[in-house]
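Comments concern the structure below.
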Amino acid sequence: MDYNFHEIEKQAQERWEKAQAYKVNNQSDKKPFYVLDMFPYPSGAGLHVGHPLGYIASDIYSRYKRLQGFNVLHPMGFDSYGLPAEQYAIQTGQHPEITTEQNIARYISQLKKIGFCYDWDRQVKTCDPAFYHWTQWAFVQMFSSYYDTTLQKAQPISKLIAKWEETDPTWKTLTKKEQQERLMNYRIAYLADTKVNWCPKLGTVLANDEVSEGLSVRGGYPVEQRVMRQWCLRISAYAGRLLEGLDRIDWTESLKETQRNWIGRSEGTEMQFSIKGQDEPFTIFTTRADTVYGVTFMVLAPESEYVSRVVTDEHKSEVEAYLDMVKHRTERERIADRRVSGVFTGSYAINPLTKAEIPIYISDYVLSGYGTGAIMAVPAHDSRDYAFAKHFNLPIIPLIEGADVSEASFDAKEGKMMNSGFLNGLEVKDAIAKMKEYVTNTGLGRVKVNYRLRDAIFSRQRYWGEPFPIYYKDGMPYTLPETALPLQLPEVDKFLPTETGEPPLGNADLWAWDEKNEKVVSKSLIDNKTIFPLELCTMPGFAGSSAYYLRYMDNHNEKALVDKQVNEYWQNVNLYIGGTEHATGHLIYSRFWNKFLYDLGYISKDEPFQKLINQGMIQGRSNFVYRYIGEGATGNLYISFNLIDQPQYKGKVQPIHVNVNIVHNDILDINAFRAWMPEYKNAQFIYADGSTDVDNPYIGTAAEKQYICGWAVEKMSKSMFNVVNPDDVVEKYGADTLRLYEMFLGPLEVSKPWDTNGIDGVHRFLRKLWNMYENIVDEEPTADELRSLHKLIKKITWDIENFSFNTSIPAFMIAQNELGTLKCNKKAILAPIAILMAPYAPHIAEAMWERCHLSAQRSCSPQDGLSFVIDAEWPSWNEEYLVEASQKYPVQFNGKVRFTIEVPKDMPKEEVEKVVLANEQTAAVLNGATPKRVIVVPNRIINVVM
RNA sequence: GCGGCAUUGGCGGAAUUGGUAGACGCGCUAGACUUAGGAUCUAGUUCUCACGAGUGAAGGUUCGAGUCCUUUAUGCCGCACCA
């Protein structure tokens with residue numbers, strides 16, 4: 001019987017649905033295992049063939065773990081707040097919720113077709129009030145907490161207040177507003193005037209990870225710096241722990257490195273420099289304390305608070321002009337224009353060691369947000385300081401022996417110190433240490449660790465996001481009581497900012513807080529006595545995705561984000577699969593969020609994702625036809641790709657993207673092409689063999705003539721006609737073929753183009769395999785058959801444990817080939833193979849399993865996991881089975897055995913081999929079988945390869 | 001500039017503690033069956049007529065290196081006026 005994948009897959013999926021095969025219970029004696037995919041943003045374009053790559057990998061692993069008897073949590077949901085739906089709403093007036101729901105429905109139907117073992121009952125959507133209830137709740141917790149630097153953890157802010165009430169006499173003298181203002185400097189979620197990335201085109205601020213090279217990551221619009229009052233999360237308080245935690249999790253080194261870069265720890269010294277004629281010194285940060293003797297000037301960031309103190313009247317106008325220029329430069333201009341710029345303030349600082357008077361400058365190469373916003377400049381040993389010194393003609397004093405600083409600075413931290421007083425003769429490393437000691441002992445400064453990681457800006461001037469559970473009283477924010485959550489997103493008639501420039505929520509009428517009755521009322525009632533305005537910004541995209549993995553554990557719980565016991569059972573995510581694009585966004589934010597909840601005792605693990613694998617991207621593979629544009633061109637003639645370099649066509653053809661779905665193995669479907677678009681209706685071709693249908697345009701068919709298309713790897717996108725929809729692949733080849741082929745494409749972690757050229761081979765394999773299950777007999781297997789099976793079991797087990805899914809498919813093919821040649825139709829071999837296939841191709845595996853049972857008494861399926869134990873004749877899939885099987889039958893699977901046998905040193909090689917084969921130990925290993933080879937080396941270590 | 005990863009046939013890629021390099025698939029070649037082939041089956045396919053050579057290049061360790069070490073080239077990714 002033919003491999004009717006449509007029928008097989010439909011039946012399997014219906015059976016799973018009916019039996020609720022993948023429903024996961026929170027109460028179980030089984031050991032828990034949590035496998036998670038990064039949930040998708042449901043875009044309007046639907047899933048393309050690249051999206052399921054990671055999902056298939058995690059599905060394989062989930063099913064494998066399930067087969068091993070684990071209780072596997074493997075959920076899916078949707079990151080459904082975001083810009084595209086809102087932009088669409090602005091253009092069309094359609095509410096983002098409608099768009100989002102439609103997209104989600106499409107995603108779900110696409111995902112279901114591929115046969116994932118998700119427990120759909122656990123689905124979450126970030127835009128669902130039942131979900132964002134807990135996003136808002138977490139925000140309230142952050143608002144009501146501070147970071148205790150001694151305990152190194154978050155604590156309720158009430159503890160801080162209690163402490164101040166006891167120990168700080170000024171606290172009680174403050175007005176309520178002043179107290180609130182002071183607390184704002186400690187809260188983990190706080191309101192502050194900060195320099196933000198403002199994107200005028202998107203009408204919102206963006207987080208640092210949402211900006212790249214001065215442009216917004218989404219849309220690529222220019223971003224400028226602006227000071228605005230914004231909600232921020234004090235993530236920088238966690239910098240040390242975020243860094244340290246990386247050592248305890250199993251992520252790829254490159255991803256950890258990316259996070260380490262982003263956190264940017266640097267150990268240095270804070271040092272005080274006095275200003276000539278002033279009492280108060282100012283503080284700088286440096287990692288090169290050893291170079292103080294070479295400091296010839298100082299530089300302040302334009303935004304530095306020190307600026308006003310040091311500018312003399314004489315230089316005031318010049319400085320102001322400079323500050324004005326800097327202020328109006330966008331981030332992009334600043335990066336593009338790296339010419340040296342700066343201005344002298346008129347003041348001098350005193351070098352604490354040389355006592356020299358050194359000028360203080362202002363320049364925008366010093367950043368206000370890092371260190372203290374002020375630096376000591378050592379032009380001899382820092383390239384930026386060097387460029388500045390050359391430009392302003394400032395002295396350059398070399399401090400390292402042999403360093404030539406006539407052309408460029410010597411930045412390396414190596415060599416012997418000179419011109420440096422008590423540091424002379426020391427190696428740089430030792431000089432730094434000695435200087436730190438000196439500075440600490442003399443009170444000149446202190447050792448300090450700095451981080452590059454900034455606090456996360458948490459406000460977005462947008463509509464389609466979580467509303468803040470915040471109202472404003474007397475200019476200060478207050479949280480809504482927890483009983484009032486979730487605060488639902490109000491309806492608006494327009495999704496654009498208001499005429500007065502308020503965020504879109506300014507258009508909502510029902511958007512004021514009645515403090516007394518604890519409910520949302522019309523904003524026309526605002527009196528600032530009992531009815532107050534609500535916050536108009538919404539939360540950013542990462543808010544909803546920061547704790548969603550916790551919600552999956554207990555998504556129907558109305559009383560808590562996750563029940564403590566339930567969380568105790570599942571712990572954290574054992575395996576997380578997703579793309580690298582979230583390395584500095586989501587993966588930092590959720591680690592922070594998780595640590596915060598851990599500090600407050602709500603959850604049991606301080607790292608959310610124990611093991612993380614980055615799947616590569618699937619790029620598009622575009623196809624081209626080549627329109628002839630040379631002499632006498634009609635614009636209607638297309639040259640086969642293999643001919644375009646011939647002299648008569650060279651440089652006279654124009655490549656045109658052609659829909660990859662009407663190209664098979666780079667051969668164009670001529671008729672489909674003519675039907676594709678009206679302009680190609682009368683297309684004529686020069687075929688691969690040089691023949692043509694120019695005089696007879698309607699007769700040529702693909703069967704007779706081949707037109708070869710060119711190709712290129714590009715981003716998968718509609719405009720390049722290279723988008724491949726998984727639904728089409730499932731329709732044509734079946735879900736199992738899609739799953740196998742996506743894995744077969746290459747290693748999971750690397751990016752690769754979607755190339756359908758090999759899919760037929762994979763499909764062919766499944767068909768051949770299926771045919772082996774035609775007439776199953778219950779007979780004792782032969783040694784050769786068992787050998788094939790054991791080899792396969794070993795290989796597949798190793799592959800799954802090591803996420804080497806791409807090498808499993810060849811292993812299956814080899815086994816199929818070997819067993820096919822042996823004409824094996826024995827239950828003892830074919831049933832275990834069905835089990836091995838189950839994670840990869842669950843539908844066909846189930847049908848294969850069914851056929852092995854010969855009779856109708858089918859009580860279980862491979863999907864049930866433990867079912868393999870039920871049928872005592874069949875082993876469960878584990879190591880013991882391997883051991884047992886290899887003992888029972890005198891055949892071992894492929895492997896190497898290494899041991900030592902004493903042989904005389906000068907014995908010839910052939911003699912040694914004889915001795916080895918006659919040896920007892922060898923005989924025991926071989927157990928009657930012939931070894932594939934025996935390797936003997938002079939140190940008498942023998943490798944027996946089976 | 002700093003850091004990370006990679007480099008193997010015409011292509012995607014195998015080679016798991018160092019042990020027959022090129023598994024498996026695509027493509028290609030020949031043959032079989034066919035009215036036909038974008039179907040199926042069989043055989044072959046790293047390069048070279050051959051001797052031989054061969055995992056980006058050059059060294060090294062080892063009985064033995066795609067795998068380990070050093071230098072170097074190229075590509076990809078992350079960070080980047082972070083003091």
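Reminder, nothing fancy here: chain letters follow the sequence lines and each chain counts from 1. Only this structure's heavy atoms are used, side chains among them; waters, hydrogens and symmetry mates stay out.
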- Message: If I pick the P atom on B:rU74 and the same atom on B:rA57, what distance separates them, to the nearest angstrom?
- Response: 15 Å
- Hey, does A:Lys390 have a side-chain heavy atom less than 4.5 Å from the side chain of A:Ile396? yes
- Should the ring pair A:Phe388 and A:Phe297 be called parallel, tilted or perpendicular, given that the plane angle runs from 0 to 90° and is split at 30 and 60? parallel
- Task: Round to the nearest Å and state the distance from A:Asn671 atom CG to B:rG38 atom P.
- Result: 14 Å
- Message: How many whole angstroms separate atom CZ of A:Arg265 from atom P of B:rA80?
- Response: 19 Å
- Task: Anything under 30° is parallel, anything over 60° is perpendicular, the rest tilted; go ahead and classify A:His381 against A:Phe410.
- Result: perpendicular
- Touch class at under 4.0 angstrom, heavy-atom based, for A:Val299 against every strand present: nothing
- Message: Let me confirm one number: the NZ-CG distance from A:Lys436 to A:Asp290, rounded to the nearest 0.5 Å.
- Response: 10.0 Å
- Query: Dot-bracket for RNA chain B: what is it, with Watson-Crick or G-U pairs under 3.5 Å, [ ] where a pair crosses earlier ones, and | for a pair to another strand?
  - Reply: (((((((..(((......[....)))((((((.......))))))((....))..(((((..]....))))))))))))....
- Message: Syn or anti for B:rG9, given that syn means the glycosidic angle lies within 90° of 0?
- Response: syn
- Charged N to carboxylate O below 4.0 Å: is that the case for A:Arg260 and A:Asp247? yes
- Has A:Thr252 got a side-chain N or O lying under 4.0 Å from the OP1 or OP2 atom of B:rG4? no
- Query: Is any side-chain N or O of A:Arg767 closer than 4.0 Å to OP1 or OP2 of B:rU40?
  - Reply: yes
- Mind checking whether A:Tyr361 and A:Phe392 have parallel, tilted or perpendicular rings, split at 30° and 60°? tilted
- Taking atom C1' in both B:rG10 and B:rG27, what distance in whole Å separates the two? 8 Å
- Message: For A:Lys795, give me all partners under side-chain contact (heavy atoms from CB on, under 4.5 Å), at least two apart in sequence or on another chain.
- Response: A:Asp799, A:Thr807, A:Ala811
- Whole angstrom is fine here: how far is it from CZ in A:Arg452 over to C1' in B:rG78? 10 Å
- Where along nucleotides 21-29 of chain B does protein come under 4.0 Å, by heavy atom, of base (B) or sugar-phosphate alone (S), with - for untouched nucleotides? --BBSSS--
- Quickly work out the A:Glu749 CD to B:rG13 P distance and round it to whole Å. 12 Å
- Query: Could you state the interatomic distance from CE (A:Met813) to CG (A:Leu740), rounded to the nearest 0.5 Å?
  - Reply: 7.5 Å
- Message: When the C1' atoms of B:rG9 and B:rA15 are compared, how many Å lie between them, rounded to an integer?
- Response: 15 Å
- Message: How many whole angstroms separate atom CH2 of A:Trp262 from atom P of B:rG78?
- Response: 11 Å
- Task: For B:rG66 and B:rG31, measure between their C1' atoms and round to the nearest Å.
- Result: 36 Å
- Message: Taking only the P atom of each, what is the distance from B:rU48 to B:rG54 in whole angstrom?
- Response: 16 Å
- Task: Please state whether the rings of A:Trp676 and A:Phe673 are parallel, tilted or perpendicular, taking 30° and 60° as the class boundaries.
- Result: tilted
- Using the P atoms only, state how far B:rG25 lies from B:rU42, rounded to an integer number of Å. 11 Å
- Item | Among B:rU16, B:rA83, B:rA14, the one nearest A:Pro747 by side-chain distance | B:rA14
- Message: Is a donor from one side chain sitting under 3.5 angstrom from an acceptor on the other, for A:Ser266 and A:Tyr370?
- Response: yes
- Item | Phosphate OP1/OP2 of B:rA83 contacted by A:Tyr365 side-chain N/O (<4.0 Å) | no
- Query: Taking atom C1' of B:rC77 as reference, at what distance in whole Å does atom CD of A:Gln619 sit?
  - Reply: 12 Å
- Pairing residues for A:Phe282 by the ring-ring contact (aromatic ring centres under 6.0 Å, His included) criterion, not counting sequence neighbours: A:Tyr306
- Item | Given RNA chain B, 5'-ward residue of the pair A:Tyr451 and A:Leu745, judged by closest heavy atom | A:Leu745
- For A:Phe285 and B:rA83, what is the distance between atoms CZ and C1' respectively, to the nearest whole Å? 8 Å
- Indicate, with a heavy-atom threshold strictly under 4.0 Å, whether A:Lys256 touches base, sugar-phosphate, or nothing. nothing
- Task: Please confirm whether A:Arg764 makes a cation-pi placement over A:Trp770, using NZ or CZ under 6.0 Å from the six-membered ring centre and within 45° of the ring normal.
- Result: no
- Message: Just the rounded figure in Å: distance from C1' of B:rA14 to CG of A:Asn802.
- Response: 15 Å
- Message: For the P atoms, the ones on B:rC68 and on B:rU55, what distance do you get once it is rounded to whole angstrom?
- Response: 15 Å
- Item | Set of residues satisfying side-chain contact (heavy atoms from CB on, under 4.5 Å) with respect to A:Lys429, sequence neighbours excluded | none
- Message: Between A:Pro753 and A:Arg454, which residue's closest nucleotide on RNA chain B lies nearer the 5′ terminus?
- Response: A:Pro753
- Item | From CD (A:Glu749) to OG (A:Ser804), nearest 0.5 Å | 8.5 Å
- Message: Between B:rC76 and B:rU8, how far apart are the two P atoms, rounded to whole Å?
- Response: 15 Å
Grab the N/O contacts between the protein and nucleotides 1-3 of chain B below 3.5 Å, and write none if there aren't any.
{"from": "B:rG3", "atom 1": "O2'", "to": "A:Glu257", "atom 2": "OE2", "distance (Å)": "3.2"}

